[in-house]
Amino acid sequence: MVQNPIIAIDGFASTGKSTVARALSQHFRLPFIDSGAFYRGITLFAIENGFVKNNKVDQGGLEPKLTELDFKYDSSSSHLHLNGQNISEKIRQPEIAKHVSSISSIDFVRDFVLKELRALGTDGLVMDGRDIGTVVFPHADYKFFFIAKPEVRAQRRYQELKEKGVVTSYQEVLNNLIHRDKTDSGREVAPLVKAEDAIEIDTSELNAQEVLSSAVQIIESK
Ligand code: CDP
């Protein structure tokens with residue numbers, strides 16, 4: 001196994017990327033970084049400051065305001081702070097999920113997050129997202145790409161949100177996942193695509209422990 005590896009996990013919404021990335025980081029004692037939290041954080045900021053109106057993003061208004069954003073990410077708890085406030089729970093709300101894909105398709109937003117992510121370290125880490133193995137760390141030592149059936153993903157995410165007390169429905173969650181898959185895959189900048197050298201894992205029929213075991217095996221054998 002490579003020393004101080006970069007482990008990149010990309011894939012579709014709610015395929016278990018963060019769960020497995022966190023478990024891998026504990027297994028190999030590496031920091032875990034949830035890149036999606038940054039896009040969700042900017043989305044929260046945009047909504048709270050009135051830059052999202054009638055499902056449209058006021059890009060001209062948002063761009064100069066990005067300089068006011070001060071993110072602090074704690075990789076041990078994976079808590080994200082924005083301008084001194086812990087936003088880790090707020091960014092999981094369906095309202096954020098609804099707008100995050102349009103915010104994350106904006107080029108200046110991606111430039112901003114790319115710099116934030118690379119500033120968190122350039123080796124010895126596990127990061128999950130959509131463009132980690134293709135854009136953020138194209139030379140990552142290990143690359144995984146997670147896929148799963150939409151219905152399975154929606155059921156998992158719905159259950160997760162229900163347990164957190166978030167008010168939503170299975171149908172709303174499913175619609176949101178389908179919408180984000182489409183927007184994330186179809187955008188011009190850093191679209192969601194499998195890196196040529198990524199190993200694909202279909203998590204539809206596997207639990208988190210089984211996915212973790214196969215990822216650990218792959219990493220330890222190379
Ligand atoms: O956990 P889940 O799969 O729901 O998504 P997430 O990782 O929290 O990411 C939320 C959204 O952020 C995605 O739907 C993408 O629009 C965007 N994202 C991205 O564009 N690039 C990344 N590296 C990570 C997330």
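Numbering of ligands and ligand atoms starts at 1, following listing order. All figures in this text were calculated on a predicted structure; none of them were measured in a lab. Worth knowing before you read on, the calculation uses all heavy atoms, side chains too, and leaves out hydrogens, waters and symmetry mates.
Listed by atom number, the atoms of ligand 1 under 4.0 Å from Lys17 heavy atoms are 3 (O). Heavy-atom proximity to Ser104, at under 4.0 Å, picks out these atoms of ligand 1: 15 (C), 16 (O), 17 (C), 20 (O). Atoms of ligand 1 lying under 4.0 Å from any heavy atom of Val100, numbered from 1 in the order shown and given with element: 11 (C), 12 (O). Shown in contact with Ala13 at under 4.0 Å from a heavy atom are these atoms of ligand 1, numbered in order with element: 3 (O).
For atom 4 (O) of ligand 1, the closest non-hydrogen atom on the protein side is Arg157 NH1, 2.7 Å. Atom 3 (O) of ligand 1 has Ser14 N, 2.9 Å as its closest protein atom, hydrogens excluded (heavy atom only). At the top of the distance list for atom 10 (C) of ligand 1, counting protein heavy atoms only, stands Arg180 NH1, 3.5 Å. Scanning all protein heavy atoms for the shortest distance to atom 23 (N) of ligand 1 gives Asp131 OD1, 2.8 Å. The nearest protein atom to atom 15 (C) of ligand 1, hydrogens excluded, is given as Asp184 OD2, 3.2 Å; this is a heavy-atom distance. The shortest contact between atom 7 (O) of ligand 1 and any protein heavy atom is with Arg130 NH1, 3.3 Å. Of the protein's heavy atoms, Arg40 NE, 2.6 Å lies nearest to atom 8 (O) of ligand 1. Of all protein heavy atoms, the one closest to atom 24 (C) of ligand 1 is Ser35 OG, 3.3 Å.
Using bins of under 30°, 30° to 60° and over 60° for the plane-to-plane angle, the ring pair Phe45/Phe51 lands in the tilted bin.
Note: Asp123 CG to Phe137 CZ = 9.0 Å, rounded to the nearest 0.5 Å. If you take CG on Asn176 and CG on Asp181, they are separated by 9.0 Å, rounding to the nearest 0.5 Å. Rounded to the nearest 0.5 Å, atoms CG (Leu174) and NE2 (His179) are 13.0 Å apart. One finds the CG atom of Asp141 at 8.0 Å from the CD1 atom of Ile7 (value rounded to the nearest 0.5 Å). Atoms NZ and CD1, from Lys194 and Ile147 in turn, are 9.5 Å apart once rounded to the nearest 0.5 Å.
For Glu160, no heavy-atom contact with ligand 1 is shorter than 4.0 Å.
There is a side-chain donor-acceptor pair under 3.5 Å between Asn175 and Gln171.
A donor-acceptor contact shorter than 3.5 Å is absent between the side chain of Gln93 and the backbone of Lys90.
Under the 4.5 Å side-chain heavy-atom criterion for Ile, Leu, Val, Met, Phe, Trp and Tyr, Leu114 and Ile132 are members of the same hydrophobic cluster.
Nearest residue to atom 20 (O) of ligand 1 from Arg153, Arg110, Arg92 is Arg110 (criterion: closest heavy atom).
Here the two rings, on Phe38 and Phe112, have centers that are 6.0 Å apart or farther.
Residue Ser18 places no N or O, backbone or side chain, under 3.5 Å from any N or O of ligand 1.
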